[in-house]
Every structure is written in structure tokens, then in C-alpha cells.
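Read the structure below first, then the notes.
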Amino acid sequence: MEQGASTISQALIASWALVAVAFVALGIVVYVALRSRTRRGDLEKALQAFRSLDIEAFRNLVDADEEAFLRENLSPQKFRAIKRGRAWAAFLYAWEAGGAATTLAEIGHAAQRNPNPQVAASGAQVAESAFRLRLQTMRACLQLLTEVVLPDLQLRSIPPLVDQYEQSVETLFRLGRFSPGTPELQRSKKA
Amino acid sequence: MLPMNWPKVLSLFLWITPHVLLGVLAVVLYKRRLYREFAVFFVYVLYEIAEFILLFGLYSVLGVTGKPYGYAYCATLLLSIALRFGVINEVANDLFRESRFLKVSARRSLQCVTGLLLVMGVLLAVYAPGDNSAKWYAGVFVVNRGAAMVQSGLLLSLLLFSRFLGMSWRRPAFGITLGLGVLTSLDLAYSALRAEFSSGVGAEFLNLLITGVYLVCVSIWMRYLVAPEPEPVSPTAVPHDEVEIWNRELQQFLKH
């Protein structure tokens, strides 16, 4: 009898847990949907993201030789502390680069629908490389977080991220060059 | 003053109205030629109308109730679930249409998510609460619950993917996703409770609730599919001086 009552209460708890999961899913769907719809590619935001990123500093933070040097010359305890700090700083860089990639993708997508075929083609390129960059930053963030938690672990380096970032920026530059009514842009490119 | 049998009147209103709206939606889809791009959704809309005509006819005209009506309801529900999967696939294709890279990589990720959700759905159908085997009727609700979980998870993944990658939705695809997302997540809650309360006042209340949700879902589809696609914000609309600053920043960046 008691066992039956316990089974019923367990079933009820499980049902309500599913209801809670469903409402959380509904909340996320509505929130993400409304935010995605109202969000627009913000150039100012993209500029700020570029300003905040120092790609050389990032390269240095994830440099394997630098890490080997630190490992050889520091005590294990000190090395772990420094490795954590470096990995965390690199994570923040990668996170910002990811945000910039999202904005680039939005700008690229908008440009893709431009009636000018040149702008549309460049927009497609921007969006494409921004998607690649975004996925790479996500992968890099995961890898760097693992390094923060397990500093002794020797993971593979993250060079494609830097290359992809530079490629994306170059494509974005080309998009700017093709925009009609922006003679200043072409002048500065020649200069 | 409310009529004596207001629950029945409300139930009929909530049952008929969404399908009338679906009829209007089908006409809109046809007139705007959206049925070419969203063929499965168009079939789904037509199917939902046909399903309503069949069930309403059985219930109101022929007076079919009990087991025979239950059989018809469950058979049509299962086909409806299958069509919803097709609609999700269609909006995913529309979302990734402009990127060759995403067509491959994001679709692969979505396939992984689908596999994971399917395993969870099957486990849920086998182990989760509810009358899983004794009554076939309750069993169908268990299947519906698993499917609703997979479908809402897939729609959630699509929305999260698009947000993380900065992808833009086209208005019709977004509307279909949002409406279906609301419907499937509340369908999950409904099925979880329905498997538990298969009869009585609770079941009647739940029926009213889910038909109300369906009306909300159809209204979302109407809102997004009837309104025209807004003009995209083009980078050419940016003021010259702003582009100049942008250009300078990028050049500085490329010097490194």
C-alpha cells in the first residue's frame, strides 16, 4: 500500500518536473525569439569589439613556446597559477572575438540582400567567414576553459582562430570598399 | 451573464476558431506563393483543416464518441506529429539557405542534437510517469510527449544557433518557428499532465488549455505570414563619417 502511494507521488513529481522543463523551454523560445527579431547589426558595437581586441596579445597568450618556457622556469604551483590567468585572459579575448563575429555575420547577412551584386557577394563572404570564426571561437572558449580548470593538461594550440579572425576582418574591409556612396573609403584604401 | 453550458461553448469556440484562421492562412500562403518555399508547412496547414473537418464531423454530425472517436483522434495526431518534423526540417533548410558552410556544419550539429533528443524521448516514453502500456490511448499521449520534447528541443536549438551565429531569419520562417515552438513546448507540458490525468475534470480543463494554446499558435502564424517582409538594414545606410571611422579601425587592425 505504502509502496503504491510512493510510486504515485514519484510519478506526480516526474510529471510536474516535465511541466517545469516545458515552461523553461517556452520561456527560452520566447526570449531568444524576441531578442533575435529585434537585434540588428550594430556597427558601433562591432567597432568597440575590434578596439578591445589586441590580436598580438592573444597570439602571445596561446603561444606554445611561451608556455613551454614558463613550464621549464617556474615551480609547478606558480606555473599552474600563471597558466590559469593566461588561459582566462585568452578566453576573454576569444569570447569578445565571438561577439564581434556575430556582429560581422549580421552585417554580412544584411549586405547579402543588397541590390548591388558586388555588395551582396561581399556580404556573403563576410557572413561565411564570420560563421567560421564564430564556431572556432566557441571551440577555443571550450578549450581555454578546460585549461583554466586543468592547467597541467597540454592541449593543442589555437592558431586557426587568429588566422580566421584576420580573414574575416579583411573580408569586412572589402565589403566596406564596395559600398556605394562611400568615396572616402576608397580614397583611404588607395592611401 | 454566462450561459449554463459555457465550458462546452468555450470548448467549441476554441476548437473551431483556430481552424477557420488556418483556412485564411492557407489562402494567404497560396496567394503570396509561399507554398512554394514552405511546401511542408502548407501541407501541414491543409492537413490540420482536413483533420478538423473529419473529427468535428464525427463528433457533431455523426455523434461518434468513445473508442471510435479516440481511434480517429490518435491516428490523425500521429500523422500530425510526423508532419511537424517535416516543418522543422523545412525552417532549418530556410535558415541555412544562404550559407554553404552552415548547410554542412550546422546541419551536422543539428543531426547530433536530434539523435540525442530522440534517445531522451525514447527513454522518457519507456521510463517516465503515466499509464504506458495498459491503455493504448494513454500510450499515444506518452508518444506525443516524447515527440513534443524532441520537437521543442530542435526548435530551441535552431533559435539558439541563429542567435549565437548572428543569422537572420526571414519573417515567415521565424513566425512558423515561434508558433511551433510555443505549441510544442506547451504540448510537452500538456502531454505530461494528460498521461497522469487521463479522465475527469482535470482532463477537460487540460483539453481547453491546449486548444487555447493552439489558437495562440495559429495567431502567431497569421501575424508573421500575413505581414510583408521588412526591408533589410543595409550597410549602405550607414553615414559616411561612421564608415570612415570603421574603415580606419579596420586598417589599424590589419597593420598588426
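To find a chain, count down the sequence lines: A is the first, B the second, and so on, and within it residues start at 1.
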Exercise. Crowded around A:Arg139 CZ? As in, over 12 foreign heavy atoms under 6.0 Å?
Worked result: no

Exercise. With respect to chain A, which residue among B:Leu160, B:Thr184, B:Leu186 yields the maximal number of heavy-atom pairs within a distance under 4.5 Å?
Worked result: B:Leu186

For this session: Locate the shortest heavy-atom distance separating B:Ser185 from A:Ala25; write the atom from each residue and the value.
Result: CB-CB, 4.2 Å

For this session: Measure the CZ-CZ distance between B:Phe161 and A:Phe131 for me, rounded to the nearest 0.5 Å.
Result: 12.0 Å

Exercise. Which atom pair, heavy atoms only, marks the closest approach of A:Val32 to B:Leu159?
Worked result: CG1-O, 3.5 Å

Exercise. Say you draw a straight line from CG of B:Leu183 to CG of A:Leu26; how long is it, rounded to the nearest 0.5 Å?
Worked result: 10.5 Å

Problem set entry | Minimal non-hydrogen separation, B:Ala192 against A:Leu18, with atom names | CB-CB, 3.7 Å

Seminar exercise, completed: Closest non-hydrogen contact found for B:Arg163 with A:Thr102 is O-CG2, 3.8 Å

Exercise. Roughly how far, to the nearest 0.5 Å, is the CG atom of B:Leu188 from the CZ atom of A:Phe23?
Worked result: 10.0 Å

